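These figures come from a predicted structure and were not determined experimentally.
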Amino acid sequence: LRIRNGTSGQGGGIAVLASAPTIINNDVLGNQADFGGGIMVWGYRALAPSAQALVESNVIQVNHASDGGGGIVLVGSSAEIRNNTIVGNTTYGKGGGIGVWISESALIARPEIINNFIYENAANVAASGEFIGGGGIFATERNLANQPLGGICAPRIRSNIIAANA
């Protein structure tokens with residue numbers, strides 16, 4: 001499936017709220033949002049059996065988020081992000097390729113970021129030139145409003161190629 005040129009407040013291409021879909025073998029291209037230009041995953045399926053989203057083998061490319069998570073944003077989610085190509089995504093905020101935050105409703109975020117190609121993404125593409133960070137991957141124990149919540153944000157990042165991000 002090709003998901004192109006979408007515009008939304010959150011999740012310009014795909015928006016996942018409190019559920020656990022499998023998103024596999026898609027092209028997510030040229031979408032825009034405030035958070036999660038390409039894909040936004042907010043929370044998880046809390047009803048028994050609880051589950052997390054799986055984002056696997058997608059091309060997530062040239063998406064833009066004005067506030068954070070140009071390619072993918074995870075908010076209070078421990079989703080598995082595996083075998084994706086995440087290239088050329090941008091944000092004026094944090095997390096050009098992938099941004100991870102916690103939320104008031106989900107104080108623990110432990111996503112698995114495994115075997116992805118995360119290349120040429122950019123964070124803080126602003127005229128001021130002030131470095132905010134996380135061109136490839138950004139993670140914080142704060143919410144989207146930058147307030148500390150006392151939660152845990154501990155992504156497991158392994159076996160990725162992360163290069164040429166700004």
*Could you name each residue pair satisfying salt bridge (charged side-chain N to carboxylate O under 4.0 Å, His left out) that touches residues 24-42, not counting sequence neighbours?*
R2-D27
_Any heavy-atom pair between the side chains of V28 and N63 that's under 4.5 Å?_
yes
*Please collect all side-chain hydrogen bond (donor to acceptor under 3.5 Å, both in side chains) contacts where either partner lies in residues 149-166, sequence neighbours excluded, each pair once.*
E112-R156, E112-R158, N116-N160, N121-N165
*Could you tell me whether the side chain of T91 and the main chain of G70 form a donor-acceptor pair under 3.5 Å?*
no
*asked:* Filter on side-chain hydrogen bond (donor to acceptor under 3.5 Å, both in side chains), then keep only pairs touching residues 6-15, sequence neighbours left out; what's left?
replied: none
_Could you check whether W101 and F138 have their ring centres less than 6.0 Å apart?_
yes
*Of all residues at least two apart in sequence or in a different chain, which pass the salt bridge (Lys or Arg N to Asp or Glu O under 4.0 Å) check with E141?*
none
*Determine which pairs satisfy salt bridge (charged side-chain N to carboxylate O under 4.0 Å, His left out) with at least one residue from residues 64-90, sequence neighbours left out, and list them in order.*
E56-R82, E80-R82
_I need the single residue from L74, I81, V73 that forms a side-chain contact (heavy atoms from CB on, under 4.5 Å) with V41. Which is it?_
L74
*Can you hop from V55 to V16 via hydrophobic side chains spaced under 4.5 Å?*
yes
*Is there a donor-acceptor pair under 3.5 Å between the side chain of H64 and the backbone N or O of T90?*
yes
*Stepwise side-chain hydrogen bond (donor to acceptor under 3.5 Å, both in side chains) check, Q61 with N89*: CA-CA 6 Å; Q61 186 172 5; N89 300 287; over 6 Å; no
_Partner set under salt bridge (Lys or Arg N to Asp or Glu O under 4.0 Å) for E120, not counting sequence neighbours_ = none
*Are any side-chain N or O atoms of N31 and backbone N or O atoms of I3, one a donor and one an acceptor, separated by less than 3.5 Å?*
yes
